[in-house]
There are 2 protein chains.
Amino acid sequence: MTDTEPKWRRRKEARPQEIAEAALAVFAERGFAAAKLEEIAKRAGVSKAALYLYFDTKEALFAEVVRTAVAPGVARVRGMIEASELPFDQFLQLFAGALTANALTGPAGGIAKMVIGESRNFPQLARLWVDEIVGPMLSALTGVVAKAQAKGEVRSGDPRVYAVQIVAPFLVSVLWRETFVPVGEEPFDLQALAAQHLATLRGGLMERAS
Amino acid sequence: MTDTEPKWRRRKEARPQEIAEAALAVFAERGFAAAKLEEIAKRAGVSKAALYLYFDTKEALFAEVVRTAVAPGVARVRGMIEASELPFDQFLQLFAGALTANALTGPAGGIAKMVIGESRNFPQLARLWVDEIVGPMLSALTGVVAKAQAKGEVRSGDPRVYAVQIVAPFLVSVLWRETFVPVGEEPFDLQALAAQHLATLRGGLMERAS
DNA sequence: AGCACTAATGACTCGCAAGTCAGTTAGGCG
DNA sequence: CGCCTAACTGACTTGCGAGTCATTAGTGCT
C-alpha cells in the first residue's frame with residue numbers, strides 16, 4: 001500500500017507531443033468526426049480535460065497534428081524535388097522511391113483518406129491540407145515537369161495534368177490499402193507498381209531518345 | 001379555409017424510390033455518418049418515422065441507394081467493356097469517353113468519396129461497394145488488358161496494375177473535384193485530362209506499331 | 001516540513017441524431 | 001355516407017460525445 005505510484009505526473013513539456021501522436025493514430029483510424037477525444041486522451045495516458053489545457057478545440061488539435069507529424073516529411077520530399085537537377089527519368093525514379101519509402105508508408109495515407117471523406121463537413125480541414133501538403137507538393141512537381149519540358153525531355157502538354165498522371169496510381173493504391181484491404185481485398189505491391197508505372201511514364205511522357 | 005390540401009398522401013408504391021433519391025443526394029453531400037435522416041425525410045417530402053416503414057436502418061437505406069442509383073450505370077459501362085472487340089487503343093478511347101460522360105459526372109463520385117472516408121467505421125459499406133461496384137469494374141478492365149496482351153497489343157506486365165494506371169487519374173481528378181474544389185481550388189478539365197492521358201497510355205502501354 | 005502554484009482530473013452540462021410508439025388521417029370499400 | 005385499415009406523423013426516449021468547471025494532487029521553493 002505504501003510506495004503507491006502517483007496517479008499522474010506533471011509533464012508540461014512533453015504533453016503536446018504525446019497528445020499529437022495519439023491524436024494522429026486515432027484520426028487516421030477513425031476519421032475526424034468519429035475520433036473520440038476520450039480515446040485520444042486515453043492513448044496519451046491523460047484525461048480528456050487535460051487535452052483542453054493544450055488545445056482549444058478538436059480542430060486545433062488536428063491542425064497541430066498536421067503541422068508536427070505530416071508536414072516535416074512532406075517538406076523534405078518537396079525540398080528534394082526542387083533541388084533536383086537530374087535528368088527527368090532519373091528524377092522520376094528518385095521521386096517514386098521517396099514516395100514508396102516515406103510519404104505513403106507513414107501516416108499521410110490515413111490522414112489523406114480522412115480529409116477526402118470529411119471535407120464537406122469540415123472545409124477548414126480541406127483548406128489546411130491543401131495549403132500545407134497537397135498544394136506545395138503539386139506545384140513543386142508541376143514545376144519540375146515544366147522545367148523538363150523546357151529542356152525538351154518531356155512532351156508538350158499541361159504540366160499540371162502530367163503531375164497528376166505521375167502521382168495518381170500511387171495515391172489510388174494507398175487509398176485502396178486504407179479502404180479495401182481492411183475488408184479483405186488484395187493490396188497492391190507498391191514496389192512492383194512503382195516499377196511498372198515508371199516504365200509506362202518513360203514510354204508515355206518522354207520524348208523519344210534522339 | 002375550405003378546400004384545404006391534405007397533409008400528406010398515401011403513396012406506398014412511389015415512396016421507396018423517392019426516399020432513395022433523396023438519400024443519395026444527402027449521402028453524397030454529407031457522408032454517411034453526418035447524413036441526417038431528418039434531412040433525407042424532409043427532401044423526400046415525408047416524416048422521419050416514415051423512412052422506417054420502408055427501411056430498417058440507416059445502413060439498409062444506403063444499401064438500397066447503391067443498388068438502385070449507382071449499380072445500373074456501372075453495369076452498363078461494364079457490359080460495354082466486356083462486349084468490346086475493338087483494338088485496344090480504340091477501346092481506351094471509348095472507355096475514357098464513357099467514364100467522363102457517365103460514371104464520373106453522376107452520383108458515383110460523391111458516393112465513392114463517402115465510402116473512402118468512412119470505410120473504417122462502417123466496413124459493411126466498403127464491402128458492399130467493392131462487391132457491387134469496384135470489384136466488377138476492376139476485374140472487367142483487367143480482363144480487357146490481359147486479352148490485349150495476349151493479342152500482342154499491350155506490353156507485358158501485371159494487367160491489374162495497368163488497370164489501375166488507366167483509371168487512377170480519372171479517379172483522382174474526381175476526388176479532387178469533390179474534396180478541394182469546394183474550398184476554392186481549380187478543378188481539372190476532364191476532357192483535356194482524358195485526351196492527354198490517352199496519349200500517354202498510347203505511348204506507355206502499347207507495343208510500338210510495327 | 002509547509003506553502004503556493006498549477007497540471008491534471010472526474011463528474012458534470014448540453015446538444016444532437018437514431019430509432020420508437022401511440023395516435024391521426026387519407027382513401028378504398030361496403 | 002360512414003367505417004376500417006394501414007400509411008403516415010409528432011413527440012418522445014436513448015445514447016453518445018464535445019466542451020466545462022470545481023476540486024485534487026504533484027512539484028518547486030523557502
In terms of relative ring orientation, are A/Phe62 and A/Phe27 parallel, tilted or perpendicular, with 30° and 60° separating the classes?
perpendicular

Can you tell me how far apart CD1 (A/Ile40) and CZ (A/Phe55) are? Round to the nearest 0.5 Å.
9.5 Å

Can you measure B/Leu51 atom CG to D/dG10 atom C1' for me and round it to whole angstrom units?
14 Å

To the nearest Å, how far apart are B/Leu61 CG and C/dA18 P?
11 Å

Return the value, rounded to whole Å, for the distance between atom NZ of B/Lys58 and atom C1' of C/dG19.
12 Å

Could you check how far CG of A/Leu53 sits from P of C/dG10, rounded to whole Å?
13 Å

Quick one: do B/Glu82 and B/Arg78 make a salt bridge, cutoff under 4.0 Å?
yes

Have a look at A/Ala35 and say if it touches a base, only the backbone sugar-phosphate, or nothing, with a 4.0 Å heavy-atom cut-off.
sugar-phosphate

Under-4.0 Å side-chain N/O to phosphate OP1/OP2 contact, A/Tyr54 with C/dA7
no

Under a 4.0 Å threshold between the charged nitrogen and the carboxylate oxygen, would A/Arg30 count as salt-bridged to A/Glu39?
yes

Regarding A/Arg43 and A/Glu21, does a basic nitrogen lie under 4.0 Å from an acidic carboxylate oxygen?
no

Scan the side chains in residues 140-149 of chain B for donor-acceptor partners under 3.5 Å anywhere in the protein, sequence neighbours excluded, and list what turns up.
residue, atom, partner, partner atom, Å
B/Thr142, OG1, B/Leu138, O, 2.7
B/Gln149, NE2, B/Arg155, O, 2.8
B/Gln149, NE2, B/Gly157, O, 2.9

Measure from CD on B/Glu38 to C1' on C/dA18 and round the result to the nearest Å.
10 Å

Any side-chain heavy atom of A/Leu94 within less than 4.5 Å of one from A/Leu86?
yes

Taking atom CD1 of A/Ile116 and atom NZ of B/Lys113, what is their separation to the nearest 0.5 Å?
9.5 Å

Side-chain heavy atoms of B/Val167 within contact of A/Val172, under 4.5 Å:
no

B/Lys36 atom NZ is separated from C/dC16 atom P, nearest whole Å, by 8 Å

Please state how far atom CD in B/Glu18 lies from atom P in D/dA7, giving the value in whole angstrom units.
15 Å

What nitrogen or oxygen pairs link the protein and nucleotides 13-15 of chain D at under 3.5 Å?
none

Between the protein and nucleotides 20-23 of chain D, list the N/O to N/O atom pairs that are separated by less than 3.5 angstrom.
none

Of all the heavy-atom pairs spanning A/Leu51 and A/Leu37, show the shortest one and how long it is.
CD1-O, 3.7 Å

For residues 124-134 of chain A, tabulate all N or O donor-acceptor pairs below 3.5 Å that involve a side-chain atom, not counting sequence neighbours.
residue, atom, partner, partner atom, Å
A/Arg127, NE, A/Asp131, OD2, 3.4
A/Arg127, NH1, B/Val183, O, 2.4
A/Arg127, NH2, A/Asp131, OD1, 3.0
A/Arg127, NH2, B/Glu185, OE2, 3.2

Do B/Arg160's NZ or CZ and the ring of A/Phe188 fall within the cation-pi criteria of under 6.0 Å and 45°?
yes

Of the listed D/dA18, C/dA17, C/dA8, the closest approach to the A/Leu37 side chain comes from D/dA18

A/Phe170 to A/Ala194 - nearest heavy-atom pair and separation:
CE2-CB, 3.8 Å

Nearest whole Å is fine: how far is C/dA18 P from B/Phe62 CZ?
15 Å

Neighbours of DNA chain D within residues 39-47 of chain B, by heavy-atom distance under 4.0 Å:
B/Val46, B/Ser47

Mind running a 4.0 Å heavy-atom check of residues 25-32 of chain A against DNA chain C and sending the residues that fall below it, in number order?
none

Between B/Gly31 and B/Glu118, the two heavy atoms sitting closest are C-OE2, 3.2 Å

